[in-house]
**Q** 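Dropping the structure in here first, questions after.
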Amino acid sequence: MKRLTTSAMALALLANTAAAEGELVIYHWFEYIPAELLEKFTTETGINVTMDTYDSNEAMLASLKAGGMGTYDVAVPGDYMVEIMTNEGLLDTIADGELANKGNIAAEWANPAFDPGRTHSIPYQWGSTSFSVNTEDYDGDINTTDILFNPPKEISGKINMLDSQGEVLALASLHMGIPQCSNDREQLSALNDMLQEAKTHWASFNSDTAKEVLVSGDVSVGMIYDGFSAKAREDRASIKYAFPTQGYVVWMDNVVLLKDAPNRDSALAFMDFMLEPENIAAVSNYARYGLGVKGAEEFLDPELASLPESNPPATAGAGAFIAVCDEATQAVYDQIWTNLKN
Amino acid sequence: MNVNTDIKTYAGFRFITLLCVVILYAPLIVVTIYSFNASDSITTWAGWSLRWYADVFTGPESAKFQQAAINSFSIAIIAATVSTAIATASATAIVRGGKYRLRTPSLALITLPIMVPEIVLAVATLIFFNAIGFTRGYVTILIAHIAFCIPFAYLPIQARMQGIENTYEHAAMDLYATKAQAFKRILLPLMTPGIISGFLLAFIVSLDDFIITNFVKGAGIETLPTAIFGSVKQGLKPNIMAISTMLLSLSVVMVTISYFVSKFDNTK
Amino acid sequence: MAGGAASGGSVASDTYKNARHWLLMPSWLVLGFFVFAPVCVMVIYSFLTKEFRGGVTWEPTLAAYDQFFFDRGLFGDADPTLQWTYIEIFWRSIWQAGLATILSLLIGFPTAYYIATRPANTRALWVFLITIPYWVNLLIRTVSMKFLLRDEGPMNNSLLNIGIISEPLQIINTNLAVQVGLFYSYLPFMVLPIYAAVDRYNFTMSEAASDLYATKWATLRRIVLPAVKPGVIAGCILVFVPSLGAFLAPDLLGGAKNFMIGSLIEEQFKGNAGNWPFGAAASMILLSMVLVLLMVFAHQQRRAGATT
């Protein structure tokens, strides 16, 4: 019967995908790596790539802990998340010599505090997180975190925040001038109150559409990553990236080898591939972020060096990495975030 | 004598019906129109073009959507088939099995997936697979779909079976047919419209499902709704509009099929 | 619909009674294992302890339910006061689902009635028209609505061009958008059961009322409505229950700022929060509410002796 043949075909398809050789399963940020680069990887190595995406470090962690371990080979966490994942035992160790291109890592990124000696990760891209303003809607001074947390009337209600606990709370702490893993109850209560008040001025919490809502005019101000903002500016020239005097968040994303990776060799091949200056430059050219590999200058788009998003003015505050807090302190910050989202 | 002509018509009902149809179709029609937009940006109109349909099949994201479509359809066909078979068996037992204690609990169990809000079902299934260590993947999606398709297949089948008098089967058995023969050659053929309805309903429900699939799918596995969701989260792009138009056409086809099937049913 | 299922056919139908246990076994196995068991596991999880940064440890506790109902301050050691946040979220969801149901009823009932009273050939066409959007993926329908309503979208642009408004209507990211989204998602579910009920309604009753000098609207209110009540109630339930647990509409149309129950639960498992026991507890509370509602409905059905 007709139904029988269809089922037979379906089963054959299933078997086919299961038997394919050279697989790699990547867990990656959304809209970050160009599809052509992955195709190039497949052509060079014969490894088939499947990619799932996430929109925040915390969502990635939640998914991995919810049964994702053992199904993904590599992920791309930010600096503080690498530390957290190491503490949770989610990362596999890369032995000496397993990565042929390890020497390509630029000196300043070779021994970070979150992964000494780079035994679990390789540098990927780095950048900053702040916010952008559509200067058609507001032409005052944008280099202050007041725009997000204490906005002037004309932009109130037209602000999008990233759905990312680490970055929002870090920016909020910078705004209030308090340390990131504070234990001072007064400071924490003040932070909570400030955020609750600021929330009334926000339109939405969304990371995936951070660029789109600015380009389409749905919001006038959007918390956003620097490279993402540069891409937004290509579609709408009036979008300006801000460097608040109070400071802003800086980050480095890394490709990590996950524990129980089903295709460990493919994962290492991918990491080697990403340490080639030409390949990582392709990511930078697409995503508009910085990279951590030597010898990539000749492959980079010359425009990148002069992007306003990567060149903070002299008035800018200091860039701050997100800090990892201990369990007791983290519980309070989790509660502040929950209060915010509800 | 009847000054007030038609007791069936009420003023304003017709307007509201038209309003209803407009509301139901407006977003879909707008999206369909914009799917033919020649421009890159979705906000400005630049003339008619089929480029986005070509993009769906040959563009950078086409491989992902094609695989997702294959997954969706294969899961839907398998899940609909299996759940319809299970539903037919269960309906026979409930409608034609006499009265027994397990009958009401069985009926409750079968309709349970419809009673439980979908998000609760999705969460429960996720927790369950995690607790028993069942790695999420294609198979987990398939199992979850079979389970929640059963009530959708069941309801039309039961409705149909209830409408068929059991005199036909009894007549067959009077003529020395065994119960199995009576089932296979009398009841089953009479049931066909109900079974087809149930299958189609289960098929569409499985094809359409997003929430449960999103929770129980494994790494790298996408179905059409989850792939669309992933893409749409970053903003509605024209190729998604093209996909939406194609799915709309598919639904027109499916509804037409089920319409003709029900017209074909002349025992009504 | 549910009522009819409960009565399930004449008692004398026991043709296959010998095979009935075998026939029922597949559904018991599949549904028992993959629907009933998961719900039980979820109940258990709601009483476990949340592990730091996601996951559960097998220590029984009431912490999840406590978090739902009691506010112990930012630092967890203040005196417990009633936690309004989650009750508010549930209340907001009930209210939004209720409003969506009423909207669907106001539009859906006249539509269903009108369609059911068309001559047979056009009636099929109308049903056709109403059913087709239902078969289109809910996700796509929600996103299409978002595209239509956005600040610089087609609706605002046309209204601006015609001159009815001078500034774009800011609908997206508000409660109104969520309302419209819910109503739009489940409208066909309201129309079809009412249509089925009106289809079965015997119009000679209306004629009789008219003969007794009742106005059309009085007939509608006192004769037709009670007669088609099961269909109306079925439609309301079919809109209310899914709206209650929805998270696509509040997420895509509401800006993810105002949580409904569905968003709250989703955040615990797929989002940043990672609090599984709490998510399980919220799910249990939602499930209990829905089951109570359905039991009340079933009880009313039995008492009224209605056979749908």
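Scope of the values below: all heavy atoms of this structure, side chains included, with no hydrogens, waters or symmetry mates. All chains are named by letter (A, B, ...) in the order of the sequence lines, taking the proteins before the strands, and each is independently numbered beginning at 1.
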**Q** Measure Ser244(B) against the heavy atoms of chain C and call it side chain, backbone, both or neither at under 4.5 Å.
**A** both
**Q** Roughly how far apart are Met25(C) CE and Ser90(B) OG, rounded to 0.5 Å?
**A** 11.5 Å
**Q** With a 4.5 Å heavy-atom cut-off, do Ser144(C) and Val30(B) have their side chains touching?
**A** no
**Q** Using the rule given for side chain to side chain contact (heavy atoms under 4.5 Å, CB included), can you reason through Phe229(B) versus Asp251(C), listing the C-alpha separation, both sets of side-chain angles and the distance that settles it, and then say yes or no?
**A** CA-CA 12 Å; Phe229(B) 183 65; Asp251(C) 189 52; 4.3 Å; yes
**Q** Does a side-chain heavy-atom distance below 4.5 Å link Val35(C) with Phe148(B)?
**A** no
**Q** If I measure from the heavy atoms of chain B, does Val143(C) come under 4.5 Å with its side chain, its backbone, both, or neither?
**A** both
**Q** Quick check on the interface: out of Val82(B), Ile146(B), Leu250(B), Asn130(B), who has the most heavy-atom pairs with chain C under 4.5 Å?
**A** Asn130(B)
**Q** Side chains of Leu31(C) and Leu112(B): closer than 4.5 Å at any heavy-atom pair?
**A** no
**Q** Can you confirm if the aromatic rings of Phe147(C) and Tyr34(B) lie within a centre distance of less than 6.0 Å?
**A** yes
**Q** Name the region of Pro242(C), side chain, backbone, both or neither, that has any atom closer than 4.5 Å to a heavy atom of chain B.
**A** neither
**Q** Side chain, backbone, both or neither: which part of Leu109(B) has a heavy atom under 4.5 Å from chain C?
**A** both
**Q** Is chain B contacted by the side chain of Leu187(C), its backbone, both, or neither, given a heavy-atom distance below 4.5 Å?
**A** side chain
**Q** Name the member of Ile204(B), Val205(B), Val21(B), Val252(B) that forms the most heavy-atom pairs with chain C at distances under 4.5 Å.
**A** Ile204(B)
**Q** For Ile132(C), which atoms come within 4.5 Å of any heavy atom of chain B: side chain, backbone, both, or neither?
**A** both
**Q** When only pairs under 4.5 Å are counted, which of Val123(B), Leu248(B), Val31(B) shares the most heavy-atom pairs with chain C?
**A** Val123(B)
**Q** What is the minimum heavy-atom distance between Tyr25(B) and Leu129(C), and which atoms define it?
**A** OH-O, 2.6 Å
**Q** Out of Leu18(B), Thr104(B), Asp209(B), Thr256(B), return the one with the most heavy atom pairs under 4.5 angstrom to chain C.
**A** Thr256(B)
**Q** Please enumerate all residues that pass side chain to side chain contact (heavy atoms under 4.5 Å, CB included) together with Thr140(B), with sequence neighbours excluded.
**A** Phe129(B), Phe134(B), Arg136(B)
**Q** Could you have a look at Phe33(C), Trp22(C), Phe34(C) and say which one has the most heavy-atom pairs with chain B under 4.5 angstrom?
**A** Phe34(C)
**Q** Side chain, backbone, both or neither: which part of Leu121(B) has a non-hydrogen atom closer than 4.5 Å to chain C?
**A** side chain
**Q** Kindly assign one of parallel, tilted or perpendicular to the pair Phe247(C) and Phe210(B), based on the angle between their ring planes and the thresholds 30° and 60°.
**A** tilted
**Q** Taking side chain as everything from C-beta outward and backbone as N, CA, C, O, which of these in Leu149(C) sits under 4.5 Å from a heavy atom of chain B? Side chain, backbone, both or neither.
**A** neither
**Q** Heavy-atom distances under 4.5 Å only: say whether Ile107(C) touches chain B with side chain, backbone, both or neither.
**A** both
**Q** For Tyr45(C), check side-chain hydrogen bond (donor to acceptor under 3.5 Å, both in side chains) against everything at least two apart and list the hits.
**A** none
**Q** Quick one: closest heavy-atom pair of Ser283(C) and Val120(B), and the distance?
**A** O-CG2, 3.8 Å
**Q** Kindly give the heavy-atom pair with the smallest separation between Ala131(B) and Val41(C), and that separation in Å.
**A** CB-CG1, 4.4 Å
**Q** Side chain, backbone, both or neither: which part of Leu126(B) has a non-hydrogen atom closer than 4.5 Å to chain C?
**A** side chain
**Q** I want to check something: taking the side chain as every heavy atom from C-beta on, are Pro133(C) and Leu28(B) in contact at a cut-off of under 4.5 Å?
**A** yes
**Q** At a 4.5 Å cut-off on heavy atoms, which part of Ile140(C) comes close to chain B: side chain, backbone, both, or neither?
**A** side chain
**Q** Working to the nearest 0.5 angstrom, can you tell me the gap between Asn214(B) CG and Glu266(C) CD?
**A** 7.0 Å
**Q** Given a strict heavy-atom distance threshold of 4.5 Å, which part of Leu23(C) is in contact with chain B: side chain, backbone, both, or neither?
**A** both
**Q** If you tally heavy-atom pairs under 4.5 Å against chain C, which of Ile110(B), Thr125(B), Thr88(B), Leu207(B) wins?
**A** Ile110(B)
**Q** How long is the straight-line distance from CH2 of Trp126(C) back to SG of Cys20(B), given to the nearest 0.5 Å?
**A** 9.5 Å
**Q** Non-hydrogen atoms of chain C under 4.5 Å away: do they reach the side chain of Val116(B), the backbone, both or neither?
**A** both
**Q** For residues Ile119(B) and Gly262(C), report the shortest heavy-atom separation together with the two atoms involved.
**A** CD1-O, 3.8 Å
**Q** When rounded to the nearest 0.5 angstrom, what is the spacing between OG1 in Thr111(C) and CG in Leu19(B)?
**A** 8.0 Å
**Q** So does Leu24(B) get a backbone contact from the side chain of Tyr184(C), meaning a donor-acceptor N/O pair under 3.5 Å?
**A** yes
**Q** Could you pull out the closest heavy-atom pair between Trp28(C) and Ser106(B), with the gap in Å?
**A** NE1-OG, 3.0 Å
**Q** Would a 4.5 Å heavy-atom cut-off, applied to side chains only, mark Tyr114(C) and Ile16(B) as touching?
**A** no
**Q** What part of Ile132(B) gets closer than 4.5 Å to chain C, counting heavy atoms only: side chain, backbone, both or neither?
**A** neither
**Q** For residues Val241(C) and Met115(B), report the shortest heavy-atom separation together with the two atoms involved.
**A** CG1-O, 4.3 Å
**Q** How many angstroms lie between atom CD1 of Ile23(B) and atom CZ of Phe183(C), to the nearest 0.5 angstrom?
**A** 4.0 Å
**Q** Roughly how far apart are Arg118(C) CZ and Arg14(B) CZ, rounded to 0.5 Å?
**A** 7.5 Å
